[in-house]
Undergrad: 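For reference, the structure I am asking about is given below.
Just follow the structure's listing: the first ligand is 1, and inside any ligand the first atom is 1.
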Amino acid sequence: MKVLVVGNGAREHALCWKLRQSPLLTELYCAPGNPGIAAVADRVPIAAEEVARLADFATEMRIDLTVIGPELPLTLGLADELAGRGLPVFGPTQRAAEIEGSKVFSKLFMDRHHIPTAPFAVVHDAAAARAEAKRFGLPVVLKADGLAAGKGVLIATDEDELGEAVRTLFEERRFGASGDRVVVEAFLPGDEVSFMALCDGERVLPLATARDYKRIGDGDTGPNTGGMGAHSPSGGLSAETAAEVVETVMRPAVAGLAAEGRPFVGVLYAGLMLTPEGPRVLEFNARFGDPEAQVLLLRLEDDLLPLLAAGAAGHFDARRLSFRREAAACVVLASPGYPGRPITGEPIRGLDRAAAVEGVEIFHAGTAMEGEELVSAGGRVLSVCALASDLRGALERAYAAVGAVDWPGKVYRHDIGRRLLDPGWEGVTGA
Ligand code: AMP
Ligand code: GLY
């Protein structure tokens, strides 16, 4: 099979790495890819947002399956464009991807289908936002409706922060039209985990549990990022609760989207808060998480290609997925300045030595070649990942490899998984 992967992050590198292992694969392309991806796929110089050009390429090359990584091409309708040309695609249509692209749609959808989530209201102006915030009490969460690169969620813990959040959304209009409609919702305290499933429009194949670390700083401090590390299993989510999430969140969401004429083919991602009252959905995404994909794909035993091809055809044959018993961990190396404006162009050396640490795989994100030299070229730059018999071992291997990466500017968290390594974490059975 000829496969095209769309995207250029470490998630897409992990997808290409995994697809490359399939005996069914004949040709693998990645648009636009990155220097790490170039080792396992042929790069195509078309950006992930260039919907028409990507569809032209897939048509000309008679691509048998296109796998879309990031949210932007999904919300721009790349899956629709490919399907319209009769080309198989694993990734939701524009209408199905609205579950990620619009917070208002997503919350109203959860309400219609009785999917557990935080109590909320949809508001259109500052006065209504203040009134609803008062009703819910502090802390309170305000979310701009549209995609805002993960920055459209504002948590206010006191009156000053609430005033500032309301000003940011309605006066400064920092998120532009994305902020015309705002979700105000109750703050849910608890432990946060990621739960994903492959979907074929009707059926769901749950992935193993995973957890990502969103804040830039150790101890969950500083601003939110795209994700600074991950591990699988997640810890904190028992097999029973995972089964409950499949029944109360994943299946109703996929059935609800199908019933509303938006069948969902692709990876459905639920960001969950584990509250004392049970799991609650904070958000849905319409794609693999990054860096969660990196650790999940390291643990996945099945051949990914026939699974995604069956999903694209609308009918999974498999009943369930198989994951290695080993744990996987990922530490993200970012550029100085991230998540603000990153300082780039710094040489990165020692990757061969780092990758030689047992169990380690390194996936590239923001890297580029300058002549013969690999340099940093974005915010998140490398995902340093490892498998081992348990989470402690996986983290030790990942951090040993991080130490071997010769890049003085590298910024990373030193505490990925640490909280779970307290005595007793091994008793946590991740699904
Ligand atoms: P979202 O993009 O909706 O997942 O929000 C980004 C982050 O904000 C989440 O990963 C949570 O850490 C936090 N968050 C969102 N909604 C809530 C909520 N209702 N209660 C507590 N934290 C939240
Ligand atoms: N790691 C969270 C996300 O991909 O949205």
Undergrad: Heavy-atom distance under 4.5 Å between the side chains of Arg419 and Arg211, does that happen here?
TA: yes

Undergrad: To the nearest 0.1 Å, how far is atom 1 (N) of ligand 2 from its closest protein heavy atom, and which atom is that?
TA: Asp212 OD2, 2.6 Å

Undergrad: Of all the atoms in ligand 2, which lie at a distance below 4.0 Å from a heavy atom belonging to Gly289?
TA: 4 (O)

Undergrad: Working to the nearest 0.5 angstrom, can you tell me the gap between Leu198 CG and Leu321 CG?
TA: 5.5 Å

Undergrad: In plain terms, say whether Glu260 and Arg112 are close enough for a salt bridge, that is, a side-chain N and a carboxylate O under 4.0 Å apart.
TA: yes

Undergrad: Ion pair present between Asp415 and Arg413, side-chain N to carboxylate O less than 4.0 angstrom?
TA: yes

Undergrad: Give the single entry among Asn285, Thr225, Asn224, Asp290 that approaches atom 4 (O) of ligand 2 most closely by any heavy atom.
TA: Asp290

Undergrad: Give the numbers and elements of all ligand 1 atoms closer than 4.0 Å to a heavy atom of Leu188.
TA: 18 (C), 19 (N), 20 (N), 21 (C)

Undergrad: Taking it one step at a time, do Phe136 and Phe187 satisfy ring-ring contact (aromatic ring centres under 6.0 Å, His included)?
TA: CA-CA 8 Å; Phe136 291 120; Phe187 177 86; over 10 Å; no

Undergrad: Identify which one of Val3, Leu305, Leu28 satisfies the side-chain contact (heavy atoms from CB on, under 4.5 Å) criterion when paired with Arg20.
TA: Leu28

Undergrad: With the threshold set at under 4.0 angstrom, would you say Lys103 reaches ligand 1 through any of its heavy atoms?
TA: yes

Undergrad: Checking contacts here: is it the side chain or the backbone of Val141 that comes within 4.0 Å of ligand 1, counting heavy atoms only? Could be both or neither.
TA: side chain

Undergrad: If you measure from the Lys or Arg side-chain nitrogens to the Asp or Glu carboxylate oxygens, is any gap between Glu192 and Lys214 under 4.0 Å?
TA: yes

Undergrad: Going by distance only, is there an N or O of Glu292 that falls short of 3.5 Å from an N or O of ligand 2?
TA: yes

Undergrad: So does Arg380 pair up with Asp290, basic N to acidic O under 4.0 Å?
TA: yes

Undergrad: Hey, is Ala186 one of the residues with a heavy atom under 4.0 angstrom from ligand 1?
TA: yes

Undergrad: Do any heavy atoms of Gly226 fall under 4.0 Å from ligand 2?
TA: yes

Undergrad: Pull out every atom of ligand 1 sitting under 4.0 Å from any heavy atom of Glu185, numbered as shown with elements.
TA: 16 (N), 17 (C), 18 (C), 19 (N)

Undergrad: Salt bridge check: are Arg167 and Glu172 linked by an N-O gap of less than 4.0 Å?
TA: no

Undergrad: I'd like to know whether ligand 2 has Arg287 as a neighbour, heavy-atom separation below 4.0 Å.
TA: yes

Undergrad: Would you mind listing which atoms of ligand 2 come within a distance below 4.0 Å of any non-hydrogen atom of Tyr269?
TA: 2 (C)

Undergrad: Out of Glu100, Lys214, Lys143, indicate the one that has the non-hydrogen atom closest to atom 15 (C) of ligand 1.
TA: Lys143

